[in-house]
Amino acid sequence: MGKSKTFEILKQNGVWGALEHIIDKKAHKGGIYALLQRLMMAQILRKLDSAHSNEMILFCKKHHIYTTNPTFLKYFAKEYDNIKLWLASQSFLEKYANHPYPPLLNPNTLDYEQISPQIAWELNIPLPPYYKFIYFGSHASGNRRLNHFVLNCGGMDYIRYPSSSKIIYEKYWEQILSYHYTMPPPLWLFVYPRIYER
């Protein structure tokens, strides 16, 4: 019988890490888990920056950021001044003032290589802008054939069988950053172009 992810986290990170995992996993249901998540987040922020912790806690509440992930909270505390400057900037107000999920850091100046997809998800950062186009498919529309063609031309695959929007986002983030954009299409595609004309 396989061991649960919580048990693995318990072995690696101890009781506190396992508790963070359980709370973050179940907080979306509300109730005691959501309350514990907010209390733990406030406690972590107070340890990281006691001078600005109350201001950061109110900011997180306003922007619906609730997590006990210490990596994210360290990054958030470190970048808090930049986040405030970006949200007060004219370019933010022009482009994202009425956006339901505005990016909390400027995507145009962000170094996508230096930020993890988990942190980017919490800060509403759009996917890295290193792609030319995106296509969407539907059942029985030739979607798999087009996907096969794009893959053979050196393109990226779409994410199959998603379990959550966050996981899809993280997989696309990793896939986009690991993709080699200077790679030309394979030579055989020009030698045998009629393979994909059916």
Side-chain angles (χ1 to χ4, degrees), residues 2-13 16-30 33-34 36-38 40-41 44-45 48 56 59-60 63-80 82-83 86-87 96 99-138 143-144 146-148 150-151 154-183:
K3 294 179 180 163
S4 71
K5 186 173 181 178
T6 305
F7 184 73
E8 291 298 320
I9 292 171
L10 179 65
K11 282 192 338 188
Q12 292 175 358
N13 301 334
W16 185 259
L19 187 62
E20 286 173 355
H21 171 72
I22 291 168
I23 288 171
D24 274 347
K25 188 171 143 184
K26 297 187 177 186
H28 70 280
K29 296 178 181 177
Y33 292 108
L36 285 172
Q37 183 184 46
R38 290 180 178 118
M40 286 178 72
M41 185 182 82
I44 294 168
L45 285 173
L48 292 172
M56 286 191 285
F59 180 90
C60 289
H63 292 281
H64 308 288
I65 300 171
Y66 299 111
T67 181
T68 58
N69 182 341
T71 307
F72 168 75
L73 292 172
K74 282 179 195 166
Y75 186 87
F76 174 77
K78 186 181 85 171
E79 293 291 327
Y80 183 63
N82 292 333
I83 291 170
W86 162 241
L87 295 183
Y96 297 107
H99 197 284
Y101 300 103
L104 299 181
L105 280 172
N106 187 349
N108 298 329
T109 61
L110 191 67
D111 184 1
Y112 283 89
E113 299 284 340
Q114 299 301 317
I115 188 169
S116 74
Q118 295 81 16
I119 291 172
W121 170 265
E122 295 292 344
L123 294 174
N124 299 326
I125 306 296
L127 288 170
Y130 307 139
Y131 48 87
K132 296 292 184 191
F133 74 95
I134 297 175
Y135 74 91
F136 297 92
S138 178
N143 189 40
R144 291 298 302 147
L146 179 60
N147 179 56
H148 188 66
V150 170
L151 283 173
M156 292 184 302
D157 197 4
Y158 61 87
I159 307 301
R160 291 184 201 91
Y161 312 114
S163 56
S164 76
S165 299
K166 184 177 181 182
I167 291 173
I168 293 170
Y169 175 88
E170 290 171 2
K171 298 253 185 229
Y172 274 137
W173 183 283
E174 291 163 2
Q175 195 175 21
I176 288 169
L177 288 182
S178 67
Y179 185 69
H180 301 289
Y181 297 95
T182 57
M183 185 175 69

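All figures in this text were calculated on a predicted structure; none of them were measured in a lab.
Remark: Ile115 CD1 to Glu122 CD distance equals 11.0 Å, nearest 0.5 Å. With values rounded to the nearest 0.5 angstrom, Leu87 atom CG is found 8.5 Å from Leu105 atom CG. Atom CH2 of residue Trp121 and atom CD1 of residue Ile168 lie 8.5 Å apart, to the nearest 0.5 angstrom. With rounding to the nearest 0.5 Å, the separation of CD in Gln118 from OH in Tyr75 is 13.0 Å.
Heavy-atom minimum distance, Trp173 versus Pro128: CE3-CD, 3.5 Å. When all heavy atoms are compared, the tightest approach of Ala77 to Met56 is CA-SD, 3.9 Å. Heavy atoms only, all atoms of each residue included: Ala120 and Tyr169 are closest at CB-OH, 3.3 Å.
For the side-chain hydrogen bond (donor to acceptor under 3.5 Å, both in side chains) test, residues two or more places apart in sequence or in another chain that qualify with Tyr80 are Glu55.
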Go through the steps to decide whether Phe76 and Ile119 satisfy the test side-chain contact (heavy atoms from CB on, under 4.5 Å), and finish with yes or no. CA-CA 9 Å; Phe76 174 77; Ile119 291 172; over 6 Å; no
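A heavy-atom distance below 4.5 Å is not found between the side chains of Leu127 and Tyr112. Under the 4.5 Å side-chain criterion, counting only non-hydrogen atoms from C-beta, Pro107 is in contact with Trp86.
Looking only at distances, no side-chain donor or acceptor of Asn124 sits under 3.5 Å from a matching main-chain atom of Leu104.
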